Amino acid sequence: MTAEPFSLALLALVAMAILLDLVIGDPRCLPHPVVGMGRVIARLERAWNRGSPHARQCKGAIMTLLVVMGVYLLAWGLLTGLAWLHPLLALAAEIGLLASTLAIKGLQDAARDVARPLVAGDLAGARRALGMIVGRDTATLDECEITRGAVETVAENSVDGVTAPLFWALLGGAPLALAYKAVNTLDSMVGYRNERYSDFGWASARLDDTANWVPARLTALAMWLAAFTIPGARTRGALASTWREAPRHASPNSGWPEAMMANLMGVQVGGTNHYAGVASHRATLGRPLAALEVRHIALSIRHLHGTWLLFVLLMALMIVVKEGLA
């Protein structure tokens, strides 16, 4: 059903899934696995997120285990059943499922949707477009802050929307990649440090941190290597600066791609955001050698594509070395 972990066969499956994502993205006419995961998580959260802090932690941990294992087993069972009917059915299904875990085209299109009205001088339209992809208040943001939001989104989501699913896919095919997306969805829904979720979402948040730890650091490395092919990229000193700055981020993982992208572009990200009118201060990353402006959104997209290409090449090199040593 699924090829051996870190094998050339699995790499070929992943390559076909990448191509499918680049061509069609996430068609709205088709059901998306993450939507189904979200509905299950929302229902369980409403039913179980109650009681003492300890009870909430226990029930949140149980929910996390049930959702992640349930997604893995459902995907494995589906592919096993299809393989029994015909191998080509399982092959097509696995490629489609793998593609559903990726967001290369979706992330690119979302960033372009922000840039397009900015270029036309339509701040209101750019604010609305940014508000579709970030949780911060956008109603009063200027061009610099709108661009910062878009660049940060591209950088951060280069991990959980692209390289981390690729990493887990190469380890365990579609079942493991979908299990990763379940972890990521759990964190995005209940992994917040607030009164409602700090106890119930604790296990989800910690598992997401663990699942992204290796991919985030490999992503920063791939982004730096890919930047040598991008004219004007400030590769000199970017690796050392990212190593120094990334731990300042509140997330143990998000700081790596954000700091690297900021350093490569010679801009500064982070600072103060507002959520429902409440200010939230984040560490600044990178050096403000240039003011953030709309052109940096297009540049962040170039870094995104260079990153996933180099990431796949790094994984392919590891596979070739593994095959050679076997």
Side-chain angles (χ1 to χ4, degrees), residues 1-27 29-37 68-108 157-185 211-212 214-216 218-219 221-222 225-226 304-326:
M1 188 264 303
T2 295
E4 181 186 346
F6 275 102
S7 65
L8 290 174
L10 198 47
L11 179 63
L13 279 177
V14 168
M16 286 185 279
I18 291 172
L19 181 60
L20 184 61
D21 176 66
L22 289 172
V23 173
I24 68 171
D26 292 323
C29 60
L30 296 177
H32 198 285
V34 171
V35 175
M37 296 175 199
V68 175
M69 289 302 298
V71 167
Y72 180 90
L73 291 173
L74 278 172
W76 180 86
L78 172 65
L79 294 176
T80 300
L82 290 174
W84 181 78
L85 292 173
H86 197 287
L88 288 179
L89 287 175
L91 178 67
E94 183 150 26
I95 293 170
L97 289 174
L98 284 170
S100 76
T101 68
L102 303 175
I104 303 172
K105 186 177 187 299
L107 190 53
Q108 167 194 275
N157 285 281
S158 65
V159 176
D160 55 22
V162 185
T163 56
L166 289 175
F167 177 82
W168 292 108
L170 287 168
L171 273 176
L176 197 56
L178 284 165
Y180 166 77
K181 292 306 292 185
V183 172
N184 195 236
T185 305
N212 282 311
V214 171
L218 286 176
T219 299
L221 175 62
L225 291 172
L304 167 68
H305 286 300
T307 299
W308 71 256
L309 278 166
L310 246 295
F311 189 89
V312 171
L313 287 175
L314 286 174
M315 295 298 100
L317 180 61
M318 290 174 61
I319 291 170
V320 169
V321 171
K322 171 181 171 285
E323 297 278 342
L325 294 175

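Values below: every heavy atom of this structure, side chains too, minus hydrogens, waters and symmetry copies. Because the structure is predicted, anything quoted here is derived from the model rather than measured.
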Quiz item: Looking at residues at least two apart in the chain, or sitting in another chain, which of them share a side chain to side chain donor-acceptor pair (under 3.5 Å) with Trp308?
Solution: His305

Exercise. Heavy atoms only: give me the nearest Gly306-Ala226 pair and the separation to one decimal.
Key: O-CB, 3.2 Å

Quiz item: If we only count heavy atoms from C-beta on, is the Ser7 to Glu323 side-chain gap below 4.5 Å?
Solution: yes

Under 3.5 Å, which donor-acceptor pairs do the side chains of residues 10-25 form with other protein atoms, sequence neighbours left out?
residue: Asp21; atom: OD2; partner: Ile104; partner atom: N; Å: 3.0
residue: Asp21; atom: OD2; partner: Lys105; partner atom: N; Å: 3.3

Practice problem: List in chain and number order the residues that pass side-chain contact (heavy atoms from CB on, under 4.5 Å) with Ala216, two or more places apart in sequence or in another chain; answer none if no residue qualifies. | Solution: Val159, Asn253

Quiz item: For Asn212, which residues count as a side chain to side chain donor-acceptor pair (under 3.5 Å) partner, sequence neighbours excluded?
Solution: Tyr180, Asp208

Self-check item: Non-neighbouring partners of Leu78 that pass side-chain contact (heavy atoms from CB on, under 4.5 Å), sequence neighbours left out
Solution: Leu82, Leu97

Quiz prompt | Qualifying residues under side-chain contact (heavy atoms from CB on, under 4.5 Å), relative to Val214, sequence neighbours excluded | solution = Phe167, Leu218

Practice problem: Kindly determine whether Met315 and Leu166 satisfy side-chain contact (heavy atoms from CB on, under 4.5 Å), including the steps that lead there. | Solution: CA-CA 9 Å; Met315 295 298 100; Leu166 289 175; over 6 Å; no

Exercise. Kindly say whether Leu178 contributes a backbone atom to a donor-acceptor pair with the side chain of Thr101 at under 3.5 angstrom?
Key: no

Quiz prompt | Check against side-chain contact (heavy atoms from CB on, under 4.5 Å), Thr307 and Val162 | solution = CA-CA 9 Å; Thr307 299; Val162 185; over 6 Å; no

Quiz prompt | Side-chain (Lys181) to main-chain (Leu102) donor-acceptor, under 3.5 angstrom | solution = no

